[in-house]
Amino acid sequence: MGAGAGCSGPEEAHPDPAPAAVVEALANPVTATFREGVNGYAGTRDISLSENAPTASPGGAVTLYADGDEPAGSGKDASLLLRWDLGSIPSGSTLQSVTLTVRVTNATNHAYALQALTREWEEGAATWQRATGTTSWEVAGAKGATDRNTTALGSLQASAVGTYTVTLNAAGIARVQQWVDAPASNFGFILASTSNTDGLDLASSEAATVADRPQLSVTYLPAGTVGDPVLLAAGDIGNCNTTQDTATGNLLDGLPGTIALLGDIAYQSGTTTEFNNCFAPAWGRHKARMKPSPGNHEYNTSGATGYYGYFGAQAGDPTQGYYSYDLGDWHIVVLNSNCTAVGGCAAGSAQETWLRQDLAANPRTCTLAYWHHPRFSSGSHGNDSIVQPLWKALDDAGADLILTGHDHNYERWKPQTATGTATANGIVQFVVGTGGTSLRAFTSTQPANSALRNASTWGVLKLTLHPSSYDWEFVPIAGQTFTDKGTGACH
């Protein structure tokens, strides 16, 4: 534990109720994930219904399927049903986003709509004709008005075998909110299409590989959640050749807060496929609470189109990649350290000019910025002077913290200026390149301004942002023990 480190206590609730708008701004979202066999969860029901086998009830099958023409040329339909027990989400919670993650084992170029079922059904008894052992569907195949709601809550189109995440639309979030508020109304989803002639197969909740089983992720604000906001940060994350990205993603399941992504999010080149297959399975269920910044690996794909396509508006203007937002009493600035891609980072550049204007327009007691390439690092990449003008602009405005990635290790630096002069009024920088890709050893002795470093532990940095101070804590993945905790004051 570094000098000045100390364990912070639990977050304190404000003693007086805040106005509704303030409560929403300060509340920390929580993401609950539901997958059969993970953390003891056993609340999934799923089954396929086949018009070609109208009395069959294949509960327990390892594959689910939907089709508008099964067997081929018959014109008969098949659909699949999915339901999760959401009882662990506290009553009174407000849902923010819902995603469904599935493993596609037989791909199709056709889209399959996700709709809400409105009738009780039993996994071990449901057939094309019957919903339970004693009741029939209004119309065979759960096609009746009392069997399902026809509003599309999302759709799945999988042109290749792999893992896919469906983000539910506003109607879908509202439907799941209804299930949380009134659990007896939760009958789950049906995925079907009567017009498609190319079938879709998914791994079921009985699949041998746990990671292939369908998963529902729900991000919500617990009732009455008020407190100083939390920012979680890490870079250098999704890598199909490692497993530690899954372990860091699992950390997020139990850590509420906004997530700052410090670049190099999907290895090796930030392609759409790598975002979908190497990042989304490990971290994607938390996408709704992410605020990303791009790394150099994202720009291995021209224009970082995989990155901007995956995050959309969350990543800002794709010609810039820099933006800002407020979190509680803090002003947060997200910058793009891929300087050549956005017209440079020098004094007077478009980004540096925007930064100074943004800081002037948003004066705060506490300010934090993050990007990918560290100004100071004793890792293999070392110091990067190209971002010095950005640091200088932040220092001139009295900023407090800078978060970076790039070097695959953890390093906390003492307060210093853009030129590396130690000063109590300087900016504290964290390098948190520990999100999941392989780690790298330090290549030099520890510099004088480096307060603490570690190159053998994966994890995320947790910052609790108080009105005039902050607590930091490095949270390691399961099985590792290194941590770093402390408290700092804003300027």
To the closest 0.5 Å, what do you measure between OG1 (Thr421) and CG (Asp395)?
10.0 Å
Charged tip of Lys287 within 45° of Tyr310 ring normal and under 6.0 Å:
yes
Any chance you could measure Leu355, atom CG, to Ser324, atom OG, to the nearest 0.5 Å?
9.5 Å
Distance (rounded to the nearest 0.5 Å) between Thr437 OG1 and Trp458 CH2:
9.0 Å
From Leu191 atom CG to Leu82 atom CG, the distance as rounded to the nearest 0.5 Å:
7.0 Å
Backbone of Lys414 reached by a side-chain donor or acceptor of Asn449 within 3.5 Å
no
Donor-acceptor pair, distance only, cut-off 3.5 Å: does the side chain of Asn338 make one with the backbone of Pro294?
yes
Checking side-chain polar atoms at under 3.5 Å, does Thr44 have a donor or acceptor matched by the opposite partner on Glu36?
yes
Quick one: sort the Phe376 and Trp391 rings into parallel, tilted or perpendicular, breaks at 30° and 60°.
perpendicular
Have Thr417 and Thr419 got a donor and an acceptor in their side chains that come within less than 3.5 Å?
yes
Under 3.5 Å donor-acceptor, Thr367 side chain and Asp400 backbone:
no
Drop me the distance from Arg412's CZ to Asn454's CG, to the nearest 0.5 angstrom.
12.0 Å
Between Thr219 and Gln96: side-chain donor-acceptor atoms closer than 3.5 Å:
no
Fit a plane to each ring of His381 and His406, take the angle between them on a 0 to 90° scale, and name the class: parallel (under 30°), tilted (30 to 60°) or perpendicular (over 60°).
parallel
Would you say Asn39's side chain and Tyr41's backbone share a donor-acceptor pair under 3.5 angstrom?
no
Does Asp484 reach the main-chain N or O of Glu473 with its side chain, forming a donor-acceptor pair under 3.5 Å?
no
Plane angle bin for Tyr410 and Phe430 - parallel if under 30°, tilted between 30 and 60°, otherwise perpendicular
tilted
Can you find a side-chain donor-acceptor pair between Thr33 and Ser217 that sits under 3.5 Å?
no
Between Trp283 and Thr248, is any side-chain donor less than 3.5 angstrom from a side-chain acceptor?
yes
Under a 3.5 Å threshold, yes or no: a donor from one side chain and an acceptor from the other, between Asn336 and His372?
no
Is it the case that the side chains of Asp317 and Thr319 hold a donor-acceptor pair, with the cut-off being a distance below 3.5 Å and no angle test?
yes
In Å, rounded to the nearest 0.5 Å, how long is the span from CD of Glu298 to OG1 of Thr271?
10.0 Å
Below 4.5 Å, heavy atoms only, C-beta onward: do Val333 and Leu359 meet side chain to side chain?
yes
Check whether any side-chain heavy atom of Ile427 sits under 4.5 Å from a side-chain heavy atom of Gln429, and report yes or no.
no
Backbone of Asn296 reached by a side-chain donor or acceptor of Asp264 within 3.5 Å:
yes
State whether the side chain of Ser93 and the backbone N or O of Pro90 hold a donor-acceptor pair below 3.5 Å, judged by distance alone.
yes
Specify whether Tyr470 and Trp472 have parallel, tilted or perpendicular ring planes, treating 30° as the upper limit for parallel and 60° as the lower limit for perpendicular.
tilted
Can a donor-acceptor pair be found, under 3.5 Å and without considering hydrogens, that links the side chain of Asp329 to the backbone of Arg364?
no
Less than 4.5 Å apart, side chain to side chain, heavy atoms only: is that true for Glu274 and Gln268?
yes
So, Asp228 versus Thr464: side-chain donor-acceptor pair below 3.5 Å or not?
no
Between Asp358 (side chain only) and Trp354 (backbone N and O only), is there a donor and an acceptor less than 3.5 Å apart?
no
Within the side chain of Ser385, is there an N or O that forms a donor-acceptor pair under 3.5 Å with the backbone of Gln388?
no
